[in-house]
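Bear in mind the structure is a predicted one, so any value in this text is a computation, not a measurement.
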Amino acid sequence: MPKNKKIDDYIARSQPFAQPILNHLRKLVHAACPDVEEKIKWSFACFDYKDSILCTLASFKQHCSFGFWKAPIMSDSHKIFKSVGETSMGHLGRITSLKDLPSDKILIQYIKEAVKLTDEGVKLPSRPKAIVNKEPELPAYFKKVLNKNKRAVKVFKEFSPSKRREYIEWITEAKTEDTRNRRLSISVKWISEGKTRNWKYIKK
């Protein structure tokens, strides 16, 4: 697979210390996967294989990073993956020189494992769906005070769930009964006027 000139330009624009690192890792990727396709995605170098991202390579002001797209399901037999979380360090941690890299043999082994996972159609597990927080239940004492003002009841029902939540949480988080009663009174007044809990901070 021919190399992408955009990757050539990306490496040429990188810091002098980074260029030998980027060139070396690029060479290893091609050695381990001759059919890899080079692309620029998210402003850094990506290596695709069979329409799937195999690994990524990036350069920063003071370090480089290299990561495997399917790292979460790779065996990491040599324990080289660094636990860096959602940062720019990649799976090999902060790379500032060729000495920071594992041996070529190990890296090629890992790249080939990533290739094999793609060949076998193994995919990353789906991300768990975000838990949607249900709207908190309207406390009986709030409902009782609210029902005394028909206008407030109507407006409150027309509020979006998030706007109702703001009032409910403000009232239920009161640390004393006096504070809670004061907030109840203020809330009913504001609601009857069509005001949201944070109406003071909304730019006109």
Close side-chain approach of [X] to [Y], heavy-atom, < 4.5 Å:
X: Leu92; Y: Leu107; value: yes
X: Val115; Y: Asp35; value: no
X: His78; Y: Pro102; value: no
X: Lys41; Y: Ile53; value: yes
X: Asp100; Y: Arg94; value: no
X: Phe17; Y: Ser97; value: no
X: Glu169; Y: Arg197; value: no
X: Trp190; Y: Thr196; value: no

Give me the atom names and distance for the closest heavy-atom approach of [X] to [Y].
X: Ser59; Y: Leu22; result: CB-CD1, 3.8 Å
X: Lys144; Y: Lys148; result: O-CG, 3.6 Å
X: Leu98; Y: Ile21; result: CD2-CA, 3.8 Å
X: Ser14; Y: Tyr10; result: OG-O, 2.9 Å
X: Pro139; Y: Thr172; result: CG-CG2, 3.6 Å
X: Phe44; Y: Leu57; result: CB-O, 3.6 Å

Donor + acceptor pair across side chains of Gln109, Ser77 (<3.5 Å):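 Checked: Gln109/Ser77 side chains pair up, N/O donor to acceptor below 3.5 Å.
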Side-chain H-bond candidate by donor/acceptor type, Asn181 with Tyr141, under 3.5 Å: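 No, no side-chain donor-acceptor pair sits under 3.5 Å.
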Side chain Gln15, main chain Gln62, donor-acceptor under 3.5 Å: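 Here the side-chain-to-backbone pair does not exist.
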Flag, side chain of Arg183 to backbone of Ile171, donor-acceptor distance under 3.5 Å: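 Judged by distance alone, no pair lies under 3.5 Å.
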May I ask you to say whether [X] pairs ionically with [Y], meaning some side-chain N is under 4.0 Å from a carboxylate O?
X: Arg26; Y: Glu38; result: yes
X: Asp178; Y: Arg182; result: no
X: Asp119; Y: Lys50; result: yes

If you round to the nearest 0.5 Å, how far is [atom2] of [Y] from [atom1] of [X]?
X: Cys55; Y: His91; atom1: SG; atom2: NE2; answer: 11.0 Å
X: Asn198; Y: Glu166; atom1: CG; atom2: CD; answer: 5.0 Å
X: Ile7; Y: Asn23; atom1: CD1; atom2: CG; answer: 11.0 Å
X: Lys143; Y: Ile168; atom1: NZ; atom2: CD1; answer: 11.5 Å
X: Lys157; Y: Phe159; atom1: NZ; atom2: CZ; answer: 14.0 Å
X: Cys46; Y: Asn4; atom1: SG; atom2: CG; answer: 11.0 Å

Passing candidate, side-chain contact (heavy atoms from CB on, under 4.5 Å) with Cys33, options Leu54, Thr118, Leu28, Ile108: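 Of the listed options, the one satisfying the test is Leu54.
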Ring-ring centroid check Phe142 Phe156, cutoff 6.0 Å: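 Yes - the distance between ring centres of Phe142 and Phe156 falls below the 6.0 Å cut-off.
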Leu146/Tyr167 under side chain to side chain contact (heavy atoms under 4.5 Å, CB included): CA gap, chis, key distance, verdict: CA-CA 12 Å; Leu146 195 63; Tyr167 270 114; over 6 Å; no
Full working for side chain to side chain contact (heavy atoms under 4.5 Å, CB included) between Trp170 and Ile186: CA-CA 11 Å; Trp170 187 50; Ile186 293 172; 4.1 Å; yes
Trp42 and Trp69 aromatic ring geometry - parallel, tilted or perpendicular at 30°/60° bounds: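 Taking Trp42 first and then Trp69, their aromatic rings lie parallel (interplane angle under 30°).
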